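Atoms within a ligand are numbered from 1 in the order they appear, just like the ligands themselves. From a predicted model like this one, the values you see are computed outputs, not experimental measurements.
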Amino acid sequence: MNARYAVFGNPVVHSRSPQIHQMFAEQEGTVIDYRRILADNNADAFQAATHIFFHSGGHGANVTLPFKEYACQQAHERSERAVAAGAANTLIRLSGGRVFADNTDGAGLVRDITENLATSLTGKRILLVGAGGAARGVIHPLLACRPAEFSVYNRSHDKAEALAQRFGIRSLHLAELPRSNGFDVVINATSGSLNGELPALPANVFRNCQLAYDLVYADQATVFMLFAAANGAARIADGLGMLVCQAAESYKLWRGFTPDAAPVMEALRREGRP
Ligand code: NDP
């Protein structure tokens, strides 16, 4: 029987994980069984669904919204980065029916920025925009790259301040941004671009900006990417590379094989959004 994997979510029908992991398996020269599993949107239903999966031979799983926090809480063991994020996107079956939770989202972002986009984060001034689950998940791996400065700004300042307290970084009010000298790397971790909405950002934050990165991915440049490019960002990118790289990190954890993200990103770009 082929090794079994799954992605849990609600909704999950749009998840591209099955397609991505099948391409990784082809690279490895193997065949895997990777399915989407829809669970009801509550902690008990998620726990029951993952229990059935792992106790019926499942090897590993991805977890997407809205279950990432439950995945971290309910696992028997968890990585430091999952604890820091308070959320997990990867589950691994251990011996004796135990489950290990990890979070590869931040590692995927870092890999996309530093390898695919060839932009070092060490010694850089980083501005993270947004303070939701995605923002919280990427801070620990970004800090591990030893940036010179790390600031977070969010529409609701209390959430940015909570992250600042938790991670020992600086939170900025909107009124402080025009006084900044710009940032080397600006990362949009808001969901604004999904609805064509631009977070309130003064143009000067993109002065001297080497890379403006939007976690949202789309067929065309997002409103954030267009605004950043128009105001001085030397390079813009969307989050497709992060999506593929976080999946590659999960695959490596499950199977010890490191997939090449580039051809998978190219295939997804060719296809466009489903
Ligand atoms: P959450 O719902 O937890 O947080 C949403 C964040 O976006 C909050 O900070 C919210 O601000 C902010 N926001 C939403 N709309 C606007 C707006 N119009 N102007 C300013 N701020 C806004 O979402 P997540 O953190 O889980 O996800 C954020 C995005 O990241 C999603 O779009 C998701 O698709 C993407 N993502 C991409 C991944 C990838 O692999 N490429 C992986 C994970 C996530 P406030 O607090 O004020 O409401």
Side-chain angles (χ1 to χ4, degrees), residues 7-12 14-17 19-21 41 62-72 81-82 85-90 102-113 116-117 127-142 151-164 166 171-174 177 186-202 205 211-219 221-225 227-228 236-251 261 264-265 268-269 273-274:
V7 54
F8 291 86
N10 185 338
V12 75
H14 295 111
S15 171
R16 303 185 92 168
S17 293
Q19 188 189 0
I20 292 170
H21 285 282
N41 186 1
N62 286 126
V63 180
T64 188
L65 298 179
F67 298 131
K68 290 183 179 185
E69 292 180 8
Y70 298 150
C72 186
R81 57 193 182 178
N89 74 337
T90 305
D102 202 347
N103 191 319
T104 65
D105 278 337
L109 173 65
V110 167
R111 182 169 159 191
D112 192 34
I113 291 177
N116 299 334
L117 300 166
L127 175 66
L128 179 68
V129 184
R136 195 178 56 202
V138 300
I139 295 175
H140 184 264
L142 288 169
S151 305
V152 59
Y153 157 70
N154 189 48
R155 176 175 65 179
S156 312
H157 182 74
D158 54 334
K159 289 198 216 161
E161 181 53 28
L163 290 184
R166 181 173 176 143
S171 68
L172 294 174
H173 287 276
L174 180 57
L177 289 173
V186 181
I187 299 169
N188 182 18
T190 77
S191 50
S193 294
L194 288 178
N195 308 311
E197 294 169 6
L198 192 61
L201 283 174
V205 302
L211 175 66
Y213 192 104
D214 197 339
L215 261 60
V216 168
Y217 48 90
D219 284 343
T222 66
V223 278
F224 169 81
M225 290 161 67
F227 183 72
I236 53 175
D238 74 5
L240 186 77
M242 174 180 172
L243 176 77
V244 176
C245 289
Q246 61 79 25
E249 291 288 316
S250 298
Y251 196 93
V264 176
M265 287 165 60
L268 294 181
R269 289 257 185 244
R273 297 212 69 171

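By the 4.0 Å N-to-carboxylate-O rule, D219 lies too far from R269 to be salt-bridged with it. Note on R166 versus E161: no salt bridge recorded, every NZ/NE/NH1/NH2 to OD/OE distance being 4.0 Å or above.
Not one N or O of A135 is nearer than 3.5 Å to an N or O of ligand 1, by distance alone. Residue A200 has no nitrogen or oxygen atom sitting less than 3.5 Å from a nitrogen or oxygen atom of ligand 1, judged on distance alone. For ligand 1, the polar-atom distance check finds an N/O of A131 within less than 3.5 Å of one of the ligand's N/O atoms. By the 3.5 Å distance cut-off applied to N or O atoms, G239 is counted among the residues near ligand 1. Any N or O atom pair closer than 3.5 Å counts here, and N154 shares at least one such pair with ligand 1. No N or O atom of Y217 sits closer than 3.5 Å to an N or O atom of ligand 1. Checking only distances, P199 never comes within under 3.5 Å of ligand 1, N or O to N or O. Considering backbone and side-chain atoms together, K68 places no N or O closer than 3.5 Å to any N or O of ligand 1. Considering both main-chain and side-chain atoms, E197 comes within under 3.5 Å of ligand 1 through a nitrogen or oxygen pair.
Under 4.0 angstrom from ligand 1, the non-hydrogen atoms of A189 all belong to its backbone. With a heavy-atom cut-off of 4.0 Å, L243 touches ligand 1 through backbone and side chain alike.
Shown here, atom 33 (C) of ligand 1 is out of close reach of the protein: none of its heavy atoms lies under 4.0 Å off. For atom 2 (O) of ligand 1, the nearest protein heavy atom lies 4.0 Å away or farther. Within the 4.0 Å cut-off (strictly below), a protein heavy atom is located near atom 7 (O) of ligand 1.
Checking each of L215, D238, L201, I187 against F224 for a side-chain contact (heavy atoms from CB on, under 4.5 Å) leaves exactly one that passes, namely L201.
Listed for the T222 side chain is a donor-acceptor partner under 3.5 Å among the backbone atoms of M225. Checking side-chain atoms of Y217 against main-chain N and O of M242 turns up no donor-acceptor pair under 3.5 Å. Under a 3.5 Å cut-off, the side chain of N103 and the backbone N or O of R81 do not form any donor-acceptor pair. For Q19 (side chain) and R16 (main-chain N/O), no donor-acceptor pair under 3.5 Å exists by modelled atom type. A side-chain donor-acceptor contact under 3.5 Å links T190 to the backbone of G192. The main-chain N or O of E197 is never found under 3.5 Å from a side-chain atom of N195 such that the two would form a donor-acceptor pair.
Residue G130 has at least one heavy-atom neighbour below 4.0 Å for each of these atoms of ligand 1: 9 (O). Close approach of ligand 1 to G132 (heavy-atom distance below 4.0 Å) involves ligand atoms 3 (O), 4 (O), 9 (O), 25 (O). Residue-ligand proximity, L194 to ligand 1, at heavy-atom distances under 4.0 Å covers atoms 32 (O). Heavy-atom proximity to A134, at under 4.0 Å, picks out these atoms of ligand 1: 24 (P), 25 (O), 26 (O), 27 (O), 28 (C), 30 (O), 44 (C). Atoms of ligand 1 lying under 4.0 Å from at least one heavy atom of V216, given by number and element, are 32 (O). For ligand 1, the atoms closer than 4.0 angstrom to any heavy atom of K159 are 45 (P), 46 (O), 48 (O). Within ligand 1, the atoms closer than 4.0 Å to a non-hydrogen atom of S156 are 45 (P), 46 (O), 47 (O), numbered from 1 in the order shown.
With contacts defined as side-chain heavy-atom distances shorter than 4.5 Å, the pair L128/I139 qualifies.
A donor and an acceptor atom, one from each side chain of Y213 and D112, are located under 3.5 Å apart.
Given atom 37 (C) of ligand 1, the protein heavy atom at minimum distance is L215 O, 3.4 Å. Among protein heavy atoms, the minimum distance from atom 12 (C) of ligand 1 is reached at T190 CB, 3.5 Å. Given atom 23 (O) of ligand 1, the protein heavy atom at minimum distance is G133 N, 4.6 Å. In this structure, atom 14 (C) of ligand 1 lies nearest to the protein heavy atom S191 OG, 3.3 Å.
In this structure, N188 CG and L127 CG are separated by 9.5 Å, a value rounded to the nearest 0.5 Å. Interatomic distance, CG of N62 versus OG1 of T90, reported as 5.0 Å (0.5 Å rounding). The CD atom of E249 sits 10.0 Å away from the CG atom of N89 when rounded to the nearest 0.5 Å. Put simply, CG on L65 and CG on N10 are 10.0 Å apart, with the number rounded to the nearest 0.5 Å.
The heavy atom nearest to atom 38 (C) of ligand 1, considering only M242, R136, R155, is found in M242.
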